[in-house]
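As structure tokens, the structure follows; a few thoughts come after it.
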Amino acid sequence: MRSVVIVGAGVIGRSVGLALRRHGVTTYLTDADPEAALAGERCGAGFAARPPRQADIAVLAVPPDQVAPVLAEHQKLGTARCYTDVSGVKVPLHREVRAYGCDLTSLVSGAPVVGGGQGPAQPRADLFDGRPWALTPTEATGNLALNCALELVALCGAVSVLLAPEAHDRAVALVSHAPHLVVSLVAARLLGGDESAVRLAGQDLRDVTRTADGDPERWAEILTANAGPVADQLDDWAAEAQAMARELRDAARSGDATGPVRLREILRFGAAGRARIREPDTPRP
């Protein structure tokens with residue numbers, strides 16, 4: 001890989017540029033706001049200019065609702081041989097790019113997982129090191145596009161995870177989208193507590209509710225885009241919560257101090273599920 005165009009010079013776009021520059025890849029930054037591209041150039045993420053010739057791949061680091069029109073525009077211009085994006089929900093995106101008549105053989109939609117309730121505050125060359133980066137090829141995806149996207153992810157220091165678009169959206173509903181909404185529900189309950197109760201909050205509650213600090217408008221868009229899979233998760237959680245409530249009420253009436261059987265089982269399952277979460281690899285120096 002010799003050259004990459006990054007369309008959208010925000011924190012993610014600049015971080016991609018910084019990561020690629022570590023390996024000598026020539027990167028170009030374009031943005032609807034020329035000042036954003038120039039800021040990216042000043043921080044070393046690439047040249048604030050269009051490439052002089054067709055690039056190997058273009059990374060569309062733009063808001064999800066702009067990916068399809070931006071992709072159509074750059075495919076018409078012949079900006080790159082292959083294209084990818086960084087949007088967090090895939091099924092609606094694939095539907096939109098088909099509606100725009102985009103060339104699907106050159107597209108591999110992607111989504112780096114960088115964490116953080118508000119997202120990264122500043123661009124970093126090591127932002128993706130050791131972290132998963134989902135790629136969602138379809139039946140139409142060409143081998144050139146897939147290989148190029150895999151190389152891009154590797155050069156950024158991330159670990160590729162290949163999923164169908166539908167499987168990706170179900171996965172992020174399980175591990176990100178529905179948990180964020182549940183965390184927000186937990187944090188919102190604190191508004192109804194009196195001051196003396198809130199003062200008893202410890203570090204555990206701070207850790208649990210940390211992601212509730214995320215931008216409400218941004219998260220409302222994400223959750224709405226992935227509404228079906230998120231709703232499925234919430235239905236399952238609600239059923240479990242109602243079952244727990246019934247068992248606890250039964251225990252309160254009976255005075256049984258040993259605790260409901262299902263409650264103990266859920267607590268054991270929770271510990272086992274937590275153990276399945278891998279910590280990201282240590283970033284390279």
Nearest-0.5 Å distance, [atom1] of residue [X] to [atom2] of residue [Y]:
X: E265; Y: F269; atom1: CD; atom2: CZ; value: 4.0 Å
X: R2; Y: R53; atom1: CZ; atom2: CZ; value: 11.0 Å
X: K76; Y: C102; atom1: NZ; atom2: SG; value: 12.0 Å
X: N143; Y: L150; atom1: CG; atom2: CG; value: 10.5 Å
X: N226; Y: I222; atom1: CG; atom2: CD1; value: 9.5 Å
X: R14; Y: L29; atom1: CZ; atom2: CG; value: 8.5 Å

Would D126 and R22 count as a side chain to side chain contact (heavy atoms under 4.5 Å, CB included) here? Give the steps. CA-CA 10 Å; D126 65 351; R22 297 183 300 185; 4.2 Å; yes
Hey, does L60 have a side-chain heavy atom less than 4.5 Å from the side chain of L71?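 Counting from C-beta outward, L71 and L60 do come under 4.5 Å.
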Do V5 and V59 have side chains that get closer than 4.5 Å, going by heavy atoms? no
Donor-acceptor under 3.5 Å ([X] side chain, [Y] main chain):
X: H23; Y: L155; value: yes
X: Q122; Y: V11; value: no
X: T141; Y: T138; value: yes
X: S109; Y: T136; value: no
X: T30; Y: R50; value: no
X: Y28; Y: A55; value: no

With a 4.5 Å cut-off on side-chain heavy-atom distances among I, L, V, M, F, W and Y, is there a chain of contacts connecting [X] to [Y]?
X: M1; Y: F47; answer: no
X: L93; Y: L104; answer: yes
X: V153; Y: I6; answer: yes
X: L185; Y: V183; answer: no
X: L162; Y: V175; answer: no

Suppose we screen for side-chain hydrogen bond (donor to acceptor under 3.5 Å, both in side chains). Which residues come up paired with [X], at least two apart in sequence or across chains?
X: S184; result: none
X: E240; result: R262
X: T224; result: none
X: Q75; result: S106

Starting from the C-alpha separation in whole Å, work towards a yes-or-no answer on side chain to side chain contact (heavy atoms under 4.5 Å, CB included) for L127 and V16. CA-CA 8 Å; L127 181 64; V16 170; over 6 Å; no
Minimum heavy-atom separation for [X] to [Y], with atom names?
X: A68; Y: Y100; answer: CB-CD1, 3.5 Å
X: H168; Y: A111; answer: NE2-CB, 3.9 Å
X: A225; Y: P92; answer: O-CG, 3.4 Å
X: R21; Y: A45; answer: NH1-C, 4.0 Å
X: A58; Y: A80; answer: N-CB, 3.5 Å
X: C156; Y: A19; answer: CA-CB, 3.9 Å

Which residues pass the salt bridge (Lys or Arg N to Asp or Glu O under 4.0 Å) test with [X], sequence neighbours left out?
X: D85; answer: K90
X: D250; answer: R253
X: D56; answer: R81

SB check R124 D129 (cutoff 4.0 Å):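 No, no charged N to carboxylate O under 4.0 Å.
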Determine whether V161 and L135 satisfy the following criterion, side chain to side chain contact (heavy atoms under 4.5 Å, CB included), listing intermediate values before the conclusion. CA-CA 6 Å; V161 180; L135 293 174; over 6 Å; no
Parallel, tilted or perpendicular: which describes the rings of H180 and W219, with under 30° parallel and over 60° perpendicular? parallel
Is there any ring-ring contact (aromatic ring centres under 6.0 Å, His included) pair reaching into residues 127-159, and which pairs are they, with sequence neighbours excluded?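 Sorted pair list: F128-W133.
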Applying the side-chain contact (heavy atoms from CB on, under 4.5 Å) criterion to V25, which one of I57, L152, L20 satisfies it?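 When I57, L152, L20 are each tested with V25, the side-chain contact (heavy atoms from CB on, under 4.5 Å) holds only for L20.
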If a pair satisfies salt bridge (Lys or Arg N to Asp or Glu O under 4.0 Å) and one of its residues is in residues 155-170, list it, with sequence neighbours excluded.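 Matches after skipping sequence neighbours: none remain.
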Inter- and intrachain pairs under salt bridge (Lys or Arg N to Asp or Glu O under 4.0 Å), touching residues 180-209, at least two apart: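 Sorted result for residues 180-209: empty, none.
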Take atom CD of E217 as the centre, draw a 6.0 Å sphere, and report whether it contains more than 12 heavy atoms from other residues, nucleotides or ligands.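 Count not over threshold, so no.
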For residues 32-42, tabulate all N or O donor-acceptor pairs below 3.5 Å that involve a side-chain atom, not counting sequence neighbours.
residue	atom	partner	partner atom	Å
D33	OD1	E35	N	3.0
E41	OE2	A48	N	2.9

Can you list, by chain and residue number, the hydrophobic cluster partners of V198 when the side-chain cut-off is 4.5 Å?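 Its cluster partners, ordered by chain and number, are none at all.
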Is there a side chain to side chain contact (heavy atoms under 4.5 Å, CB included) between R131 and V159? Walk through the geometry before answering. CA-CA 6 Å; R131 296 192 175 274; V159 180; over 6 Å; no
